[in-house]
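Have a look at the structure below before the remarks.
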Amino acid sequence: MDNKEYYKLFLDEANDNMAILYNALEQLSVKNDDENSINEAFRACHSLKGMSATMHIDSMNKVSHGMENALHPIRDGKFLPDAGLMELFMYGADLLYDSLQKMKDIWESTGEFKDVLDKVEGKSYINKLMEYVEAYMGDSSNTGGEKTSTKDNASKETVEIPSVKASADDSSVTVPSNENNYNIINTMSAENKIALKEATPKYKNVFIAKVLFDDKSIFMAARALQVFNEYQNVSGFICSYPEIKSTDNDDYKNGVEYLICTNEESASIKGIGFNVGEVSKVNVYGYDEYVASLNDKKSDMEALKSTTMRVDIKKLDEFMGLINELVTIKNGMDAIDESGISDEFQGLFAEKREQLDNLTTSMYENILQIRMFSVNVIFDPLKRTVRDLCRKLNKKINLTITGGDTEIDKFLADELVSPMLHLIRNAADHGIESPEEREALNKPKEGNIKIAAYQNAENIIIEVIDDGRGISIDHIKEKLIKRAILTEEEVNKLSDDEAINYIFETGFSTSDKVTDISGRGVGLDVVKKMIEETGGNIKCKSEKGVGTEFAISLPLTMLVVPVLLIGVKNEDIGEEIYALPVSVIESIKDFADYLMIDLEGKPGFIYNDDEDSIPLLYLSDLITTGDNREKNITEETMVIVVNLGRDMIALAVDSVIGQQNVVIKKIPDEIGSLPIISGATVLGNGRIALLIDLKQR
């Protein structure tokens, strides 16, 4: 593996640990005596310390080590952190996170991998943190509550393992004969046997800890040494098998066994093993129990290996591409006219086609699941964003997240990061009032932003809701007239829903004040464009003085798109086929059942019993290439009511063929296409259908 792979894996794992650290600190900010969160934060810092040391990232190593040291007495139950200390921990996490992002940016742009965390700033932070902790240790009034007693580590995790002490007589250290040569007893050197014999009278317990590392680890040798050093700190004698000499990861792929003479209890030994990153399993045995376990037929190490691994998303994309080709072949087989197949082969053909259909569906669903990620990967970093905004804006904002375990395709998750950041910044800056304003309005001083995610049929819905000042419809209308976007007459005809959708127009802003956070006239138009490019849409509802809600609807995946196939007649080549995404279709109507009207000099269509009218467009008019398309109203003519977010239109087509799941491919730029054509797909019969994007009409 070359250095680039090492760097990538380091950055990936470091970011994973940062997510764990942030989440643990968030939980501690709410409940400062949560033992699980304390342990999670400690282990994340410990892992970051070890990883950065291995990669020679000195400043990151020192900051993470300092945070680990500060968490140690909290972990031991000597005091509970107050808001001031939690703020310091969060600041330290921000230092680590920012340096990781800068390292990643530099590496991706220049190929250089270097320590970017400012050493002076890091040292200053550690000094401040430790001064705070020392004040805690010296003054019980600063405990954030009643000072807690030191807890026995064994009480944190109950492990039913006998604690067996090896006695000082010769027989207790005699190596038993066993066919299984892979164990620390059978491989112990004569020197270590003597040392063990001398050490056992001085310590309460003799344990063997079996430690297994994640299969995906590229730092196994370093991890093995870290575990050895951790155990050395609490032992009077320690040895290991294999000995920690080799730097070859393969030497440790089956794990390491550590023999430890110690006064610690078994639960403490187990917990210490887990302090090191990439440790997947720790089993702790008393000496006699371990010897008895050598007769087991199944190796613990084999049984406890990690079942997960990290896969480059590009490899999944390539595999998905192959499955998509398989889908096209399957659709082609579905289109084969079986009438030409002899009776002898019809049954076999039908059987094999069904098998292919089942296999293709199963492969597609499995690879789709592999690509799915919890939306928490997007939401968790927003907690830090809100904290930063509170400091900058001098506001109090509570962020709540529900549905964080909802899964979304990796590509969509990546595309959603920037829009979510825009919405949160707008909510904090424009939406939530200052504490003084809220108090004057009889609102709680602390504003609220809620993010909710859930699955609705074939879509993922993400809502961003605030309880701030809301959006003034009158103010929007004033801006539309002032900027000559619409005339006063046109503005007066707008419904509230129509008016509010103008906040998504390019350069439009209701803010009269420009800040370094928002209000520059850019943002929501970008949000809308990015979401629509993923096949989704965004809607806004707001009530002045109550708050604002943005609802984003996204497809489960962009890999296979459900479309409605529609036809346009052409005298020369017959029927041309186009595809319209199902996500934008409101309803399908028989043309003859509803009325055409004149809508300000253009065709209009009354599409419901309430006599609501919308513009009527002909697909044959929108597809302007070719001269022989017909535009005749026949019994087959259908009207598709399309919801485009800000407005609705009626689309007249010559025929509706049916719905199908298709693989959409981008049309190469050199071929060129109409603005309303956003892609193409190959149908089962080999014909090409062009994908219509009516937003670009």
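As a basis for the values below, the full set of heavy atoms in this structure was taken, side chains included, without hydrogen atoms, waters or symmetry mates. Keep in mind that this is a model prediction, so the values were computed, not measured.
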In Å, rounded to the nearest 0.5 Å, how long is the span from [atom1] of [X] to [atom2] of [Y]?
X: I74; Y: L85; atom1: CD1; atom2: CG; answer: 5.0 Å
X: L25; Y: M86; atom1: CG; atom2: CE; answer: 4.5 Å
X: N398; Y: N448; atom1: CG; atom2: CG; answer: 5.0 Å
X: E278; Y: F219; atom1: CD; atom2: CZ; answer: 6.5 Å
X: S240; Y: L259; atom1: OG; atom2: CG; answer: 10.0 Å
X: C239; Y: L196; atom1: SG; atom2: CG; answer: 7.0 Å

### Message
Going by side-chain contact (heavy atoms from CB on, under 4.5 Å), name the residues that satisfy it together with H72, two or more places apart in sequence or in a different chain.
### Response
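Checked H72 against side-chain contact (heavy atoms from CB on, under 4.5 Å); matches are F42, D76.
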
### Task
Not counting sequence neighbours, which residues clear side-chain contact (heavy atoms from CB on, under 4.5 Å) with I20? List them please.
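Per chain and number, I20 pairs via side-chain contact (heavy atoms from CB on, under 4.5 Å) with N17, E40, A44.
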
Do side-chain atoms of [X] reach the backbone of [Y] as a donor and acceptor pair under 3.5 angstrom?
X: K128; Y: K123; answer: no
X: R43; Y: G277; answer: no
X: K443; Y: D467; answer: yes
X: T400; Y: K450; answer: no
X: N263; Y: K204; answer: yes
X: S99; Y: L117; answer: no
X: K395; Y: A428; answer: yes
X: S280; Y: L212; answer: yes
X: T406; Y: G403; answer: yes
X: E257; Y: I184; answer: yes

### Heavy-atom neighbours of E108 CD exceed 12 at 6.0 Å
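Atom CD in E108 is crowded, with more than 12 foreign heavy atoms closer than 6.0 Å.
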
### Query
Hey, is CG on N394 packed in by over 12 heavy atoms from elsewhere, all under 6.0 Å?
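Counting neighbours around CG of N394, 12 or fewer heavy atoms of other residues, nucleotides or ligands fall under 6.0 Å, so no.
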
Examine the side chains of [X] and [Y] and answer whether a donor and an acceptor come within less than 3.5 Å of each other.
X: E265; Y: S268; result: no
X: N205; Y: Y203; result: no
X: Q101; Y: N15; result: yes

### Message
Out of the candidates R75, K49, Q226, only one should pair with N275 under the side chain to side chain donor-acceptor pair (under 3.5 Å) rule; please name it.
### Response
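The single option meeting the side chain to side chain donor-acceptor pair (under 3.5 Å) with N275 is R75.
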
#### Entry: Set of ring pair (Phe, Tyr, Trp, His ring centres under 6.0 Å) partners for Y258, sequence neighbours left out
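Partners of Y258 by the ring pair (Phe, Tyr, Trp, His ring centres under 6.0 Å) criterion, ordered by chain and then number, come out as Y231.
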
### Message
The criterion is ring pair (Phe, Tyr, Trp, His ring centres under 6.0 Å); which residues satisfy it with F237, sequence neighbours excluded?
### Response
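F237 satisfies ring pair (Phe, Tyr, Trp, His ring centres under 6.0 Å) with no residue once adjacent residues are dropped.
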
### Task
Quick one: sort the Y91 and Y125 rings into parallel, tilted or perpendicular, breaks at 30° and 60°.
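Tilted.
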
Only distances under 3.5 Å count here; give the side-chain donor-acceptor pairs of residues 373-383 to other protein atoms, sequence neighbours excluded, each with its distance to 0.1 Å.
{"unit_1": "S374", "atom_1": "OG", "unit_2": "N376", "atom_2": "N", "d": "3.1"}
{"unit_1": "S374", "atom_1": "OG", "unit_2": "G404", "atom_2": "O", "d": "2.6"}
{"unit_1": "N376", "atom_1": "ND2", "unit_2": "G404", "atom_2": "O", "d": "3.2"}
{"unit_1": "D380", "atom_1": "OD1", "unit_2": "K383", "atom_2": "NZ", "d": "3.4"}

### Task
Check salt bridge (Lys or Arg N to Asp or Glu O under 4.0 Å) between D115 and all other residues, then give those that pass, not counting sequence neighbours.
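Scan of D115 (salt bridge (Lys or Arg N to Asp or Glu O under 4.0 Å), adjacent residues dropped) gives none.
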
### Message
Evaluate I424 against N426 for side-chain contact (heavy atoms from CB on, under 4.5 Å), listing each step before the verdict.
### Response
CA-CA 5 Å; I424 291 297; N426 276 346; over 6 Å; no

### Message
As a quick check of understanding, evaluate side chain to side chain donor-acceptor pair (under 3.5 Å) for E121 and S124, giving each step before the final call.
### Response
CA-CA 5 Å; E121 184 177 15; S124 173; over 6 Å; no

